[in-house]
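Here the structure is laid out as structure tokens; the discussion comes afterwards.
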Number of protein chains: 2
Amino acid sequence: MFEHAMSGSATNSGLKTSLRHVSAGGVRSESVRTANLSTLLQCLHFAGPATRSELVEETGLTRSSVAALVGELEEAGLVVEHAGSPDGSPGRPSPTVSANSSQNLVLAIEIAVDDLAVAIVGLGGKVLHRIRVDHPRDLSTIDETIADVAELVAKVRSATKNTPLLGVGVAIVGLVHRTTNTVVVAPNLRWNEVPLGNLIRDACSLSVPITVANDGNAGVLAESRRGAAVGQKNVIFLSGEVGVGGGIIVDGQVINGQGGFAGEIGHMPVNPEGLDCGCGARGCWETEIGEGALLRRTGRMADGGRAALNSVLDSAAAEDPNVLRALARQGEWIGIGLAGLINLFDPGMVVLGGTLRRVYPYVIDSVNEVVVGRRLSGREARMSIVASTVGEDASLLGAAELAFQSLLANPLTVHRA
Amino acid sequence: MFEHAMSGSATNSGLKTSLRHVSAGGVRSESVRTANLSTLLQCLHFAGPATRSELVEETGLTRSSVAALVGELEEAGLVVEHAGSPDGSPGRPSPTVSANSSQNLVLAIEIAVDDLAVAIVGLGGKVLHRIRVDHPRDLSTIDETIADVAELVAKVRSATKNTPLLGVGVAIVGLVHRTTNTVVVAPNLRWNEVPLGNLIRDACSLSVPITVANDGNAGVLAESRRGAAVGQKNVIFLSGEVGVGGGIIVDGQVINGQGGFAGEIGHMPVNPEGLDCGCGARGCWETEIGEGALLRRTGRMADGGRAALNSVLDSAAAEDPNVLRALARQGEWIGIGLAGLINLFDPGMVVLGGTLRRVYPYVIDSVNEVVVGRRLSGREARMSIVASTVGEDASLLGAAELAFQSLLANPLTVHRA
DNA sequence: AAGTTTTGTTGAAACCTAATACAAATATTT
DNA sequence: AAATATTTGTATTAGGTTTCAACAAAACTT
């Protein structure tokens, strides 16, 4: 289990850099311990509490090693042990080990088009406190938005007794340069070149590491670690909101690309004769499967927002034939783009999130029909298209996972504040 | 360097992933040695001979460890050492270590639409013997093709004194199921469900491991290890031949997807109102940028083959305005699809191979224009679109690298025959 | 010729997990 | 109720791997 956290294929050997002068590739014995601590902590974080014997079985390590490693994690305050109780089977009961979710907290922030959300999440994935508020686009400047975020952060932090944090994760509807935590462009927010990481750090007086990421990339992380795609190593996450975002998992890892811009699924060119897109190009997938397209097809105003969307869903529930037809058409376009992605990635699962989660029942048949027709691998590959199970908090929870990544990779070298 | 051997997420120690190749999860001390042997051998295989001190610097290991590890590799016959000679600088000369390319051979086979190629390649990438022959599609049955391959294999093997092989790599223009080495479908060859790996093994009486892969996936491997994309961690390889193939490297690794079907770049839907594609769908990218499209646009017969293509290139060289215009149009379509892929992967480099390598000078301007216009990350990301440098042997050399992968990952557990 | 610099070699020390033996805690059998 | 079997925790020893430190070897420099 948990290979997703570390990728690495059996016969691996990808090459990366060429010239001989970069960072060391050699491995020392100490690193073995780090790797094993990491494996154990990931087990507990992602799969929940486990007895020591279960950990032995899952990791393949010996009882002695697990005892020593768990002891070290406990000493560091990362896990807690509870005495085991008899369960009816013979043998000495094994104590239960759990992630210490009350003392290893991260801050998660989501900046969506018409929403802000903030949460404090404990190791193991326990959401200790969460706030989501409406925050309509165009009603706030960047500075105001940051101030609003800071206010929410203050609330959740005081609700959790200002317990020190391990890190901060931020998900935002925009293109993010990962090494600088900068939002290069967020069309729906009309942001350009916003150093979001630094702004949030200053506004909230944070001194722990901050990771900013695209909301789709955060969403797929949540979906793959705690949602519908748990256990899947190759996943496409398609999230239709005002814009169409997404995230892709290849061999257990979210793909970031060279600068962190990867995963912009909504701007694949699918219809050169199509509509103009907010990104400046024409005929992007987003123009055919975004919220606007659905509202247009059902005779609503394309910028009708949430109310219009609800009306569409109501009509669909009432089996309005025009609306159902429009949804089927929508599904065909979803299928066309998905088929291309499936031929590109050969995923084991496709997850539809955001608004697409709500329209799922009305579009899935036409989606499947188109996909099956265009898939090259035909029936060979088993692949399913499912609705998100994490739901509206996908990006928020993904942001939390981003903040945990460094701890999980290197459990014993952590700083909190 | 060579973190590629370990990939791993940004924050982790890098080690973990390399050690992680044992499925269990836990890492034992022996794996450290395997990982370090692998790192050293990859250094020598990909970057060529190096002195022991260079290896020390590259791996970060100590002189003692490198000495021991190199000694072990030498004992296994994988590397050879030559006494160092004074180079004008002070200090004791360091012996040079090189991959033993005369005794660690793999067999590479490429089955293209109108070509067969076979080569014997030594560790370090030295091509010891290579044959490429015309083999027009539709003139042979599957069995005949396999027999032709077997004949070529016998030739190259006897030319290399039937030295035992470490493995076999096969690249083919078709969709390959990796775990079974089966060609699910190869439209241009009209193959369906061909157990190619087994057929070749039997026809050539081979007893070493065989790896069959899609030609585009093999091509990108060659290009990234020994061609234009050396050192790049995120690469898109687009190879236009009769069909349009490709391969994608994410974080230093070729992406295979769930069953090995990933990388089918040519069948992205880019024009729903476009032409019917051989795959059964309509408006695939291949219908706009494949060889047929170019011939069509330049007034030739779409199935004119190599002769027609040469005539187009001649006209282009003679600056025939109609042909140049058609090529520019071709470039626009290449750009449209590439822009989508770039938004999806955020690569550091795009490599154009196959026929596209030859038309590169005539299309690159319009490609770039479209791509710049449609890229979301704008000027933020440095990304270049270049022509393949490996050339017509990309898939063949990639197949060889496939065959080396297992040895490189685990240098001391090899069987030859 | 003596000193400096770089590199190979060797043995001890440090780190990590596995293996083994034994103790503890529970269920089952007599 | 006592003995036995089963499972798990603990402690000790052994095996594997790397680093460290000291020394030797081979080159250049003064």
Side-chain angles (χ1 to χ4, degrees), chain A residues 24-40 49-75 79 81-97 410-413, chain B residues 6 13-16 18-20 22 24-40 50-75 79 81-97 410-413:
Chain A
V27 172
R28 44 190 64 189
S29 339
E30 295 104 287
S31 333
V32 171
R33 176 151 276 225
T34 306
N36 285 335
L37 287 167
S38 170
T39 302
L40 284 175
T51 65
R52 273 157 75 158
S53 356
E54 284 166 353
L55 293 174
V56 165
E57 198 172 346
E58 280 159 25
T59 61
L61 297 168
T62 60
R63 294 204 297 271
S64 350
S65 301
V66 168
L69 293 165
V70 166
E72 212 160 339
L73 290 174
E74 191 169 19
E75 204 169 312
V79 306
E81 281 193 283
H82 298 100
S85 52
D87 67 338
S89 65
R92 177 175 175 174
S94 198
T96 298
V97 190
N410 214 327
L412 296 187
T413 57
Chain B
M6 17 218 43
S13 59
L15 160 154
K16 166 190 323 174
S18 73
L19 294 184
R20 252 326 270 259
V22 247
V27 172
R28 44 190 63 189
S29 335
E30 295 102 286
S31 332
V32 172
R33 177 150 274 224
T34 306
N36 284 335
L37 287 167
S38 170
T39 303
L40 284 175
T51 64
R52 272 157 75 158
S53 0
E54 283 166 354
L55 292 174
V56 165
E57 198 173 347
E58 284 155 23
T59 60
L61 298 168
T62 60
R63 294 204 296 271
S64 352
S65 302
V66 169
L69 293 164
V70 166
E72 212 160 338
L73 290 174
E74 189 169 19
E75 203 168 312
V79 306
E81 282 193 283
H82 298 102
S85 52
D87 66 339
S89 65
R92 177 174 174 175
S94 198
T96 298
V97 189
N410 213 327
L412 296 187
T413 58

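Side chains are part of it too, since the values below use all heavy atoms of this structure and drop only hydrogens, waters and symmetry mates.
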Checklist entry - Is the shortest side-chain N/O distance from B:Ser94 to OP1 or OP2 of C:dG8 below 4.0 Å? => result yes
Checklist entry - Just checking A:Ser53: base, sugar-phosphate only, or nothing, at a heavy-atom cut-off of under 4.0 Å? => result sugar-phosphate
Checklist entry - Please give, in whole Å, the distance from D:dT18 C1' to B:Glu72 CD? => result 13 Å
Checklist entry - Which letter, B, S or -, goes with each nucleotide of nucleotides 22-30 of chain C from 5' to 3', with contact meaning a protein heavy atom under 4.0 Å? => result --BBBS---
Checklist entry - Which atom pair, heavy atoms only, marks the closest approach of B:Glu54 to B:Ala50? => result OE1-CA, 3.2 Å
Checklist entry - Among all residues two or more places apart in sequence or in another chain, which pass the side chain to side chain donor-acceptor pair (under 3.5 Å) test with B:Thr96? => result none
Checklist entry - Given atom CG of B:Leu61 and atom C1' of C:dT7, what is their separation to the nearest angstrom? => result 16 Å
Next on the checklist: Can you tell me whether the side chain of A:Ser65 and the base of C:dC16 have a donor-acceptor pair closer than 3.5 Å?
Outcome noted: no
Checklist outcome for this item: All heavy atoms of A:Leu69 vs all of A:Asn36, minimum pair found to be CD1-CB, 3.7 Å
Item to check | Shortest non-hydrogen contact between A:Ser94 and A:Ser53, atoms and distance | outcome: OG-OG, 2.8 Å
Checklist entry - Can you name the side chain to side chain donor-acceptor pair (under 3.5 Å) partners of B:Ser85, sequence neighbours left out? => result none
Item to check | Whole angstrom value for the distance that separates C1' of C:dT7 from NE2 of B:His82 | outcome: 19 Å
Item to check | Atom-pair distance (CD on A:Glu81; P on D:dT8), nearest Å | outcome: 14 Å
Item to check | Short side-chain N/O contact from A:Arg28 to OP1 or OP2 of D:dC20, under 4.0 Å | outcome: no
Item to check | Within residues 63-73 of chain A or reaching into it, pairs that qualify as salt bridge (charged side-chain N to carboxylate O under 4.0 Å, His left out) - sequence neighbours excluded | outcome: A:Arg33-A:Glu72
Please enumerate all protein N or O atoms sitting under 3.5 Å from an N or O of nucleotides 14-17 of chain D, with distances to 0.1 Å.
residue: D:dT17; atom: O2; partner: A:Ser29; partner atom: OG; Å: 3.4

Item to check | Partners passing side chain to side chain donor-acceptor pair (under 3.5 Å) against A:Glu81 (at least two apart in sequence or in another chain) | outcome: A:Arg52
Checklist entry - Given the rule in the side chain to side chain contact (heavy atoms under 4.5 Å, CB included) test, do A:Leu73 and A:Leu37 qualify, once you have shown the distances and angles that lead to the verdict? => result CA-CA 8 Å; A:Leu73 290 174; A:Leu37 287 167; 3.7 Å; yes
Checklist outcome for this item: Sequence neighbours excluded, the answer for side chain to side chain donor-acceptor pair (under 3.5 Å) partners of B:Thr62 is B:Ser65
